[in-house]
Amino acid sequence: MSDHYEKVKFQLKQNASGEAVETEAAAEGEQMSPASVSPVTADVSCAARRDKYRGGGRSRSKSRSKADGHERQMNSKQVSDLIPQKSDPLRVCLVCNEQALQIKGTGRTLTGKTAKNGHVESCQRQTDGKCEHHGKEDRSKVAKKRRPVTVDISKAKTSLEALKLSIRQLKWKEFPMGRRTACDIYWHGVSFHDNENIVSGQVNKFPAGMIEMLRKINLSRAMRTMQELFPEEYNFYPRSWILPEEYQLFSTQICLLKDNDSTFKPTFIFKPDCGSQGDGIYLIRDPADLRVISGSQIKQAVVQEYIQKPLLIDKLKFDIRLYVLVHSLEPLEIYIAKEGLSRFCTEPYQEPSQKNLSHVFMHLTNYSLNVHSGNFVHSDSCNTGSKRTFSSILYRLASKGVDIKKVWSDIIALVIKTVIALVPELKVYYQADIPPGKPGPTCFQILGFDILLMKNLKPVLLEVNANPSMRIEHEQEVSPGVFEYVPSPVDEEVKVGVIRDTLRLMDPTQRKQHVATNTGGGSPEEAIIVDAGTDEIEGLADSLPSLCLKQVFPKYTKQFNYLRVVERIAGIFMRFLGVKGTMRLGPTGFRTFIRNCKLSNSSFSMASADILYIDITRRWAGMLSDSREAGMCLQAFFEAFFYLAARRYKALPLREQVLSLLEVCEGSLEGQGHSEKPRPHRSHKNTDPISARSSAPTILNSPALGGVPPRPSEA
Ligand code: ADP
């Protein structure tokens, strides 16, 4: 048995130390419950792959299912492009539109353009960087000369085991007690502020903003801003109302819809703002139920349209946890892990009814809840049990004729659009914590995206976790009151790959070279059929599997850049923030913005600007739970900006209003001594008319109702 898997005895109370925001709850003993989860027949053996890269020969196969050879044969080809595979006999990569064929077992690569007949015409080795072959020998020489990358793991907390395994695979150097001199990389379990004194290197957490931004209310606000500008593009996020301030609105809108359509029988899910692991969540069928449950004091929360028709597997609801690496904010660089986890409910699903609303094991997919159900199945196999790999789900779907390329590309689009919605505020937080000129580390972060597939296969975003659990063990009660951590093969299969490949991408000796290969072309559809050779970092040890992280931005810049409108408004906001370290715009900053952007005129005086500032800032101060700082926050600035746009360009739809005002502002600011160059106005595919920013969500754009864009609403 490898040292990693020497079981760590611990007491339950130690577990509640709050180390990880999203800790995983105590697991019960392994028990199969065929009634609730039937085995999937695809052959995805976690244990075998894990042992291969651990270097150990340990084998665990307690409950691995017998694979059905036929289904395996049929599906493995279709899904092989999705999952990282070390030994793909034929990998097609995109390097300057040429293909590279990796010949199994030889380490040799042939490159060339595909001829019309589908054969590859070989090409000569080029040394200009466009098309290069990397022989094993060259690589090992480089590896020998290079000093090992150093990683401070002293604050890794619950991700420690996965991190140690990853570092071992990379043959890097870990510092479990920290290091007096600087390390190349610092891996923090929870927050950037775990170690305030880092002034160089790279840290796996962004400053505080990421946690703030991903709370349920802030995420809903960010998504709503995008839904107002791009209703069709952002219809993957369920309609949400922010409580308590929008309770009345929620009530009125739902009553109206019910009055107009007697067949309309919605269900809503109430989620406390700072909750996690399903805590404090409940389902309701009518806004009035909120008052019954919460009394007169409704807490800070989000109430959201409940997706009533999720895709089921073995009659069970499940969700998908995908890991997304935000490699950098400026320039924006995003990677998606090709493998993820699927977490299953443990009671067969039924559409919500008054009788089953409180059945958490039927409606909530949280591992931390379902692990306490008698039906939870811990499995050594990645394609059975209550927690499986996402690829095993894709195998299943592919075998039923589902177009999994479409599913995957929809998921990629969802991830990119979500990050685009979050970036504006993250940049404000980043600048406040690490102002330009102040020494600080470079930040990156792994996020956990929770996605639900609807029955019609449309992905819906449930939430984004700033601190996804990277634990690769689960708890088991070995004797009454004594718990042990035992390996969880499915977690290890997915999470070690994500951490290891994140580290590979952050390798300080490789970064510059890598960034230079981005072209911004391509489409998410290609992502599934092309295992991009450009993702593979040059010079890496041959013993490692190909990268499980797929770059999706800037790779797909061309398709998604037009959505980055709010980021441009945030750019203007940051420009007028003035004092370093602040995140709120003062009245003088706002006046300067109006003046420098030449927005005051005979019909909008500076006095009107002052009144606008006071009105909006006051209202937002009442809405924000943590109004420690005075002044106008970014969201309030968006509201002011949208108001000014609507005022000036009354006849245009909202998006055109905002873009027109942006042009004016950026045009005026150009040449006023700011380093940031305004981005060009992009053309848009979608010109749905929405005439003004509405502060209210409209149920019409719900994913469950088919994503119909909202009706125009007046400011
Ligand atoms: P938490 O952070 O507490 O886990 P989530 O937003 O992830 O909160 O919700 C918990 C669970 O509730 C999800 O894993 C999912 O199964 C279910 N859920 C959440 N939102 C919805 C929704 N809008 N429609 C259907 N199910 C949902």
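Residue numbers start at 1 and run along the sequence shown. Both counts, for ligands and for their atoms, begin at 1 and track the order of listing.
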**OP:** For E305, counting its heavy atoms only, list the atoms of ligand 1 lying under 4.0 Å from any of them.
**Re:** 22 (C), 23 (N)
**OP:** Determine, using heavy atoms of H363 and all atoms of ligand 1, whether some pair is separated by less than 4.0 Å.
**Re:** yes
Original post:
Is D491 paired with K387 through a side-chain N to carboxylate O contact shorter than 4.0 Å?
Top reply: yes
**OP:** Would you confirm whether the ring centroid of Y306 sits within less than 6.0 angstrom of the ring centroid of F268?
**Re:** no
Original post:
Which of these, N366, T267, D279, L364, has its nearest heavy atom closest to atom 10 (C) of ligand 1?
Top reply: N366
Original post:
For ligand 1, which atoms sit closer than 4.0 Å to a heavy atom of I307?
Top reply: 22 (C), 24 (N), 25 (C)
**OP:** Begin from the C-alpha positions of K216 and D273 and carry the test salt bridge (Lys or Arg N to Asp or Glu O under 4.0 Å) through to its verdict.
**Re:** CA-CA 5 Å; K216 293 177 173 66; D273 185 32; over 6 Å; no
**OP:** Return yes when K216 approaches ligand 1 closer than 4.0 angstrom through a heavy atom, no otherwise.
**Re:** yes
Subject >> Check: S488/E473 side-chain N/O donor and acceptor closer than 3.5 Å >> reply: no
Original post:
Identify the closest protein heavy atom to atom 20 (N) of ligand 1: which residue and atom is it, and at what distance?
Top reply: K271 NZ, 2.9 Å
Original post:
Under the criterion side chain to side chain contact (heavy atoms under 4.5 Å, CB included), which of I284, I269, I298 is the partner of V303?
Top reply: I284
Original post:
Which of the atoms in ligand 1, numbered in the order shown and given with their element, are less than 4.0 Å from a heavy-atom of L462?
Top reply: 13 (C), 15 (C), 19 (C), 20 (N), 21 (C), 22 (C), 27 (C)
Original post:
Does an N or O anywhere in I281 fall below 3.5 Å from an N or O of ligand 1?
Top reply: no
Original post:
Out of L219, L369, I269, whose heavy atom sits nearest atom 18 (N) of ligand 1?
Top reply: I269
**OP:** State the atoms of ligand 1, each with its element, that fall below the 4.0 Å cut-off from a heavy-atom position in T365.
**Re:** 13 (C), 14 (O), 15 (C), 16 (O)
**OP:** Could you list the atoms of ligand 1 found under 4.0 angstrom from a heavy atom of G275?
**Re:** 2 (O)
Subject >> Salt-bridge present (R285, D289; N to O < 4.0 Å) >> reply: no
Original post:
Is there a donor-acceptor pair under 3.5 Å between the side chain of N204 and the backbone N or O of H188?
Top reply: yes
Original post:
Looking at Y247, is R291 sitting on its ring face, NZ or CZ under 6.0 Å from the six-membered ring centre and within 45 degrees of the normal?
Top reply: yes
